[in-house]
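See below for the structure under consideration.
Note on naming: letters A, B, ... go to the chains in the order of the sequence lines (proteins, then strands), and numbering restarts at 1 for each one. For the numbers below, each heavy atom of this structure counts, side chains included, while hydrogens, waters and symmetry mates do not.
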Amino acid sequence: MKIYNTMTRKKEELMPLEANKVRLYTCGLTVYSQPHIGNWLGYIYWDVLVRVLRAKGYDVERTQNITDVGHLVSDDDSGEDKMEKGARAEGMTAWDVAKKYSDIAEHEAYDLLGLIRPDHLVPATDYIDKQIQFAGELDKKGYLYRIDDGMYFDTSKLDDYGKLARLDTEGLQAGARVDMTGKKHPTDFAVWKFSPPSQKRDMEWDSPWGTGFPGWHLECSVIARETLGDTIDIHTGGIDHIPVHHTNEIAQSESVTGKPFANFWVHNNHIKVDGQKMAKSLGNIYTLQDIIDHGYSMDAFKLLVLSKHYRTEGNFTWDILDAAENRLMNWRNYAALRHQTHDTLRNDDEKDNDDKSISLLATRHALLEALNDDLDTVTTLMIIDEAFSKLDNISLDHIHQSSLVELVESIDELLGLELITLTPDVSDDIKRLIIERERVRDEKDWQRSDELRDKILEQGITVRDTQSGSIWSYAK
RNA sequence: GGCGCGUUGGCGGAGCAGUUACGCAGCGGUCUGCAAAACCGCGUAGACGGGUGCAACUCCCGUACGUGCCUCCA
């Protein structure tokens, strides 16, 4: 499989450290407020990545952290802790806020979006001891220095600091704003922050340096190492994390282990809303619940996301979601044909049928091939459209049921859609009405026929008449 | 201010130096008891100005606009 590696700025062939096994780490959400649709974007792409790797036979071991402490309002390690700030705003403790939004995030990820749950889903606060231990190793090796508000990593000790982002550290130094934090270099970052002397934090722990809490980047370095080992195969995250968070993870991890932290760095671009960045000040932040409230399905949202490549910038509007919902509806109606076909083929068209079946089965390979090329979901969706459109102008007798089922199952398996469950068979009652309608049509009783069609439509099913009989589909 | 990126038809979104992307929506027609579907056709895409090519949406330069990071962010 080829993937674009941010570290080298090239598409490269994935070569896992251990044959047939892929260790994957994904930065998780900071659970201080309601997640929005942009938060979920990356996780939808990484879900497909995991699905493809598994379909290719890899044993994927995946870790995702939950940031429930230490993420400050500003990435330069000043400002408040987001958790503590959120807690004050809601009149709860930081622990309660973490619980509340962790629960919401899990519900949205695994119930609403149907993402595959990581093997290790780890809150940062579960690994405080390990983080202190890790920071101790950094301290012992001389990477840390103390200032008033915490222990900081001296980035000037590394020759290759900022290699992921290709940071111009000297330029940053020269162009730095007046820095009141007392850091030696603008890129230095907190590994351990002290509790403010006058304030009792909800979340704080004793450490060799003083009571406080871990720096934001520490958790990912530690949790990745503890669950997956010193070097992982793929580290994913949003592009916003390249210059600071991931850069600092690399600095810490490689300083401790002396080994590469991750062989592949894979980053997803962002999605805008109405062509603008999502921001609270613009009031254009949408949540999954907003999408549901507008009457759209989660699969339509996923289709919208997958219809652009993970590395290109996207846009969200209700019109675009509408188009995705329509496309999904078309796919559902193709999938529903499986209830109306059989594996027994008409003898006179046996050869034709075989050809049709073969081309449907070949589709799975085509899908995998597209996804294999840097997770090209755009081409993947196009291949699905092409495969389904082969069913357009042929009679039901010519469609091989089990190969259609396999195609639909492959789509669900690889893209994480739920076409199978979204396309139930119609009730026996409707089936009887359809048969009855076909009978009165033979008698040219058009009035009765139209009455039956309306009756069927009341149950959300439309019927259309073709040369090979009536075909039902879901009404819009 | 520093460093990037983008600009494709009504909307979304690809590839490609010389053939229809594709999806969603729209219009005309054929077919049909009607409807739907399907099929056929249509709308003359490539921000603007130069340049290099026999040939550029596709390469190079500039302009305009938009946008990202540098400061919270997926």
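Residue-level contact check: A/D322 touches neither bases nor backbone, having no heavy atom under 4.0 Å from any strand. Using a 4.0 Å heavy-atom criterion, one finds that A/N330 contacts the sugar-phosphate atoms exclusively. A/S449 comes within 4.0 angstrom of a nucleotide base, judged by non-hydrogen atoms across all strands. Counting any heavy atom pair closer than 4.0 Å across all strands shown, A/K272 reaches sugar-phosphate atoms only and no base atom. Contacts of A/I242 with the nucleic acid, taken as non-hydrogen atoms under 4.0 Å apart, are absent. Here A/S307 lies in heavy-atom contact (under 4.0 Å) with sugar-phosphate atoms only.
In this model, no donor atom of one side chain and acceptor atom of the other lie less than 3.5 Å apart for A/D233 and A/Y25. Counting only N and O atoms by type, the side chains of A/K308 and A/Y45 include a donor and acceptor under 3.5 Å apart. In this structure, a donor-acceptor pair under 3.5 Å is absent between the side chains of A/T317 and A/D319. In summary, the side chains of A/D392 and A/Y334 do present a donor paired with an acceptor at a separation below 3.5 Å, with no hydrogens or angles considered.
Applying the 4.0 Å criterion to OP1 and OP2 of B/G13, one finds that A/T377 has every side-chain N and O outside that range.
With hydrogens and angles ignored, a donor-acceptor pair under 3.5 angstrom links the side chain of A/D450 to the base of B/G33.
A/H235 has its ring centre less than 6.0 Å from the ring centre of A/F261.
With its ring centre under 5.5 Å from that of the base six-membered ring and a plane angle below 30°, A/H270 counts as stacked on B/A74.
For the P atoms, the distance from B/C39 to B/G23 is 10 Å, rounded to whole Å.
Where pairing requires Watson-Crick or G-U contacts shorter than 3.5 Å, the helical stems of RNA chain B with at least three consecutive pairs are B:1-7 with B:64-70, B:10-12 with B:22-24, B:26-30 with B:38-42, B:47-51 with B:59-63.
Nucleotide B/G26 is shown with an anti base, its glycosidic torsion being more than 90° from 0.
Each of A/N248, A/T247, A/T155 was checked for a side chain to side chain donor-acceptor pair (under 3.5 Å) with A/T187, and the lone residue meeting it is A/T155.
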